[in-house]
Amino acid sequence: MKIENLIQSGVISALKKLYSFEPEKNTVQLQNTRKDFIGDITLVVFPFLKYSKKRPEDTADEIGIYLEENIDEVKSYNVVKGFLNLEIADKYFISEVLNAWNNEYFGTEITSENQQELAMVEYSSPNTNKPLHLGHIRNNLLGFSISEILKANNYKVVKTNIVNDRGIHICKSMLAWQKWGNMETPETTGKKGDHLVGELYVEFNKHYKAETEELMKKGLTQKEAEDQAPSIQEARELLRKWESGDPEVVELWKTMNGWVYKGFDNTYKRLGVDFDKIYYESDTYLIGKEEVLRGLKEGIFYQKEDGSVWADLTNEGLDHKLLLRSDGTSVYMTQDIGTAKMRFNEYEIDKMIYVVGNEQNYHFQVLAILLNKLGYAWGKGLHHFSYGMVELPSGKMKSREGTVVDADELMDGMVKVAREMAQELGKLDSLSNEEAEKTYEMIALGALKYFILKVDPKKNMLFNPEESIDFNGNTGPFIQYTHARIKSVLRKASEKKLELNKEFDVYPGDITFKEKELLKRITLFPYVVKESGTNYSPAIIANYCYELAKEFNQFYHDHPILAESNEPLRNLRLLLSATVGKIIKTGMNLLGIEVPERM
RNA sequence: GGACUUGUAGCUUAAUUGGAUAGAGCACCUGACUACGGAUCAGGAGGUUGGGGGUUCGAGUCCCUCCAAGUUCACCA
């Protein structure tokens with residue numbers, strides 16, 4: 001039985017006996033004892049004072065005596081103000097860690113498959129008119145990681161990507177190619193397809209902006225000018241042709257999207273993210289349109305004189321929302337309605353999770369309401385995993401102005417730094433070229449991923465391209481290094497035939513403070529995995545991995561392992577090392593980060 | 001203007017969801033390998049948790065009110 005449960009019921013019977021009072025389970029507040037005090041688990045006694053009618057110190061004292069007498073694992077206790085600190089016997093933690101080591105899936109156990117709920121996680125969801133940038137990286141890493149974390153929390157997960165392959169933005173790039181593209185292709189230029197299309201998008205905006213300014217000089221307001229500029233008119237014409245199936249336009253659209261997909265695949269692969277099911281908006285938007293028209297017929301929505309269709313959300317405290325343009329074409333919301341319907345038809349989804357930036361909080365609030373109005377009970381159950389923006393020192397990234405940190409360039413830069421650093425330290429000289437390159441890549445991506453995932457997803461984060469991402473301190477490479485070092489010790493142990501004996505008995509002697517800290521930290525891992533799942537926060541796992549690695553390094557520094565002559569103690573330290581190594585690997589993998597055997 | 005979110009050391013951030021003296025990393029200063037890996041470890045300095053009020057035995061955390069920043073309220077996605 002877990003010590004927390006043991007103590008909890010011990011406290012309940014203590015209160016019954018001492019004060020004839022039976023508390024609710026959740027008023028028994030247990031927490032890990034702070035490091036500056038002696039003890040392992042702390043009970044907060046303030047809530048019980050009105051029943052004990054005694055000073056906090058005396059109340060804690062009485063409960064402490066009871067627990068010490070009645071629970072074997074409670075070795076001693078001390079009282080500081082209203083806090084009852086309980087010291088737990090070493091052997092309890094050692095046997096827990098032994099279990100952790102012997103359990104292959106420690107912290108990530110799952111029940112039988114038919115007991116699992118299905119979670120669909122939508123993430124990435126790029127537009128096909130520009131390459132991926134740092135903002136997308138945060139999205140992809142969060143989406144992939146939360147999927148892994150949900151799996152570890154007993155969910156069956158379908159990772160999905162909805163590709164924004166249609167709409168006015170693509171038409172802008174298409175128009176730019178027709179007018180100023182010089183028939184360039186990825187093959188003729190050697191450029192990555194998504195980058196080529198992205199350049200065209202910027203090109204469009206350059207012309208568009210110039211035209212707008214020209215019109216404004218002639219006295220038009222900004223809004224009028226933006227509406228009447230020839231470029232945007234032509235782009236709209238392309239969109240209309242596309243929606244009516246014009247073969248030439250559709251052909252160009254297919255070709256250019258093809259370029260982009262090839263580029264994206266490349267980037268996804270390098271980032272280490274993948275998808276089980278990909279949806280394309282060109283396949284789902286018509287379903288959305290049907291749903292909106294059905295809603296119109298049933299009086300859920302209304303039509304204006306110009307033919308546009310709207311939803312009145314004023315009863316919900318929101319505005320009127322456009323669902324179909326006056327020319328009959330669909331908008332973002334229409335498409336998302338269609339996509340949602342399609343997904344729920346194809347899968348028995350228990351939980352639908354959208355990994356989308358917080359700038360779309362309003363959108364998802366509206367989507368849930370609209371689906372509900374359309375009669376889908378699951379509409380209310382959607383979960384918008386809303387994360388903060390990545391900002392540059394100069395402010396927000398803007399694709400159309402080209403002020404973005406490109407995903408591919410960023411990764412290249414990180415690998416370069418990792419390579420230089422490793423070569424300077426002479427770390428990987430014994431490895432083959434190929435293995436060394438693989439390791440640089442692993443470290444570079446570890447640094448990047450950890451940098452992004454350690455931050456609470458809800459918060460906006462700042463990225464300064466001038467200062468490269470660190471490799472020392474609270475970083476991915478720090479944790480990777482700890483893992484590599486543990487592996488090195490274990491390799492040497494096996495060379496010396498000091499292999500970890502799985503049957504090893506609980507160490508009989510006294511252990512040091514640091515050893516106990518490590519033991520305790522290890523037993524927390526399953527709770528951390530659970531917490532990161534319920535809070536949708538990979539950051540919780542990232543921070544735990546850091547604390548664990550840090551504590552191991554401190555332990556490692558002044559505790560000999562292989563050189564320890566006391567065999568049971570040596571075994572305990574090997575057990576600690578091996579278990580920490582295993583948890584680091586598991587934890588980092590939940591973040592989508594690989595850990596090297598040597599670095 | 002309405003709605004929502006966020007303000008913690010110079011910078012990047014944590015705080016067991018209301019608990020003890022707010023904990024780390026970077027940068028800065030000082031120290032530690034004849035050792036199982038120095039991408040490490042030990043130490044120093046750095047804080048009125050945006051300001052003010054309130055609730056509570058107890059507030060970075062909850063409530064009110066100012067201040068600041070961001071997002072959104074588009075026939076863009």
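The analysis underlying the following values was restricted to heavy atoms, covering all of them including side chains, and did not include hydrogens, waters or symmetry mates. Convention: sequence-line order gives letters A, B, ...; per-chain numbering from 1.
For residues 28-55 of chain A, the ring pair (Phe, Tyr, Trp, His ring centres under 6.0 Å) pairs, not counting sequence neighbours, are A/F21-A/Y51, A/F46-A/F83.
Taking a 4.0 Å limit (strictly below) on heavy-atom distances, residues 540-550 of chain A reaches RNA chain B at A/N543, A/Y546, A/K550.
Between the side chains of A/E531 and A/Y544, no donor-acceptor pair is found at a separation under 3.5 Å.
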> So what's the dot-bracket for RNA chain B: Watson-Crick or G-U pairs under 3.5 Å, [ ] if a pair crosses, | if it pairs off-strand?
Replying inline: (((((((..((((.....[...)))).(((((.......))))).....(((((..]....))))))))))))....
Show me the protein contacts with nucleotides 55-59 of chain B, counting only N or O atoms at under 3.5 Å.
none

Which protein N or O atoms sit under 3.5 Å from an N or O of nucleotides 69-74 of chain B?
residue	atom	partner	partner atom	Å
B/C73	O2'	A/D319	OD2	2.2

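Counting non-hydrogen atoms under 4.0 angstrom, A/D456 reaches the backbone sugars and phosphates but no base. Nucleic acid contact for A/T42: base, since at least one base atom lies under 4.0 Å from a heavy atom of the residue. Within the nucleic acid shown, A/F451 has no heavy atom closer than 4.0 Å to any nucleic acid atom. Across all strands shown, A/Q335 has heavy atoms under 4.0 Å from sugar-phosphate atoms exclusively, and none from any base.
The backbone N or O of A/I170 sits nowhere less than 3.5 Å from a side-chain atom of A/Y201 that would complete a donor-acceptor pair.
Between the CZ atom of A/R485 and the P atom of B/A35 there is a distance of 14 Å, rounded to whole Å.
The shortest non-hydrogen separation linking A/Y450 to A/A542 is OH-O, 3.4 Å.
Cation-pi geometry between A/R166 and A/Y285 is satisfied (NZ or CZ under 6.0 Å from the ring centre, within 45° of the ring normal).
Between A/Y332 and A/H363, the angle of the ring planes stays under 30°, which puts this pair in the parallel group of the 30/60° scheme.
Residues passing the side-chain hydrogen bond (donor to acceptor under 3.5 Å, both in side chains) test with A/E224 are A/T221, sequence neighbours excluded.
A side chain to side chain donor-acceptor pair (under 3.5 Å) with A/R236 is found for exactly one of A/D227, A/T329, A/D327, namely A/D227.
Below the 3.5 angstrom threshold, one finds no donor paired with an acceptor across the side chain of A/S125 and the base of B/A77.
Taking the charged nitrogens against the carboxylate oxygens, A/K35 and A/E551 do have a contact shorter than 4.0 Å, which makes a salt bridge.
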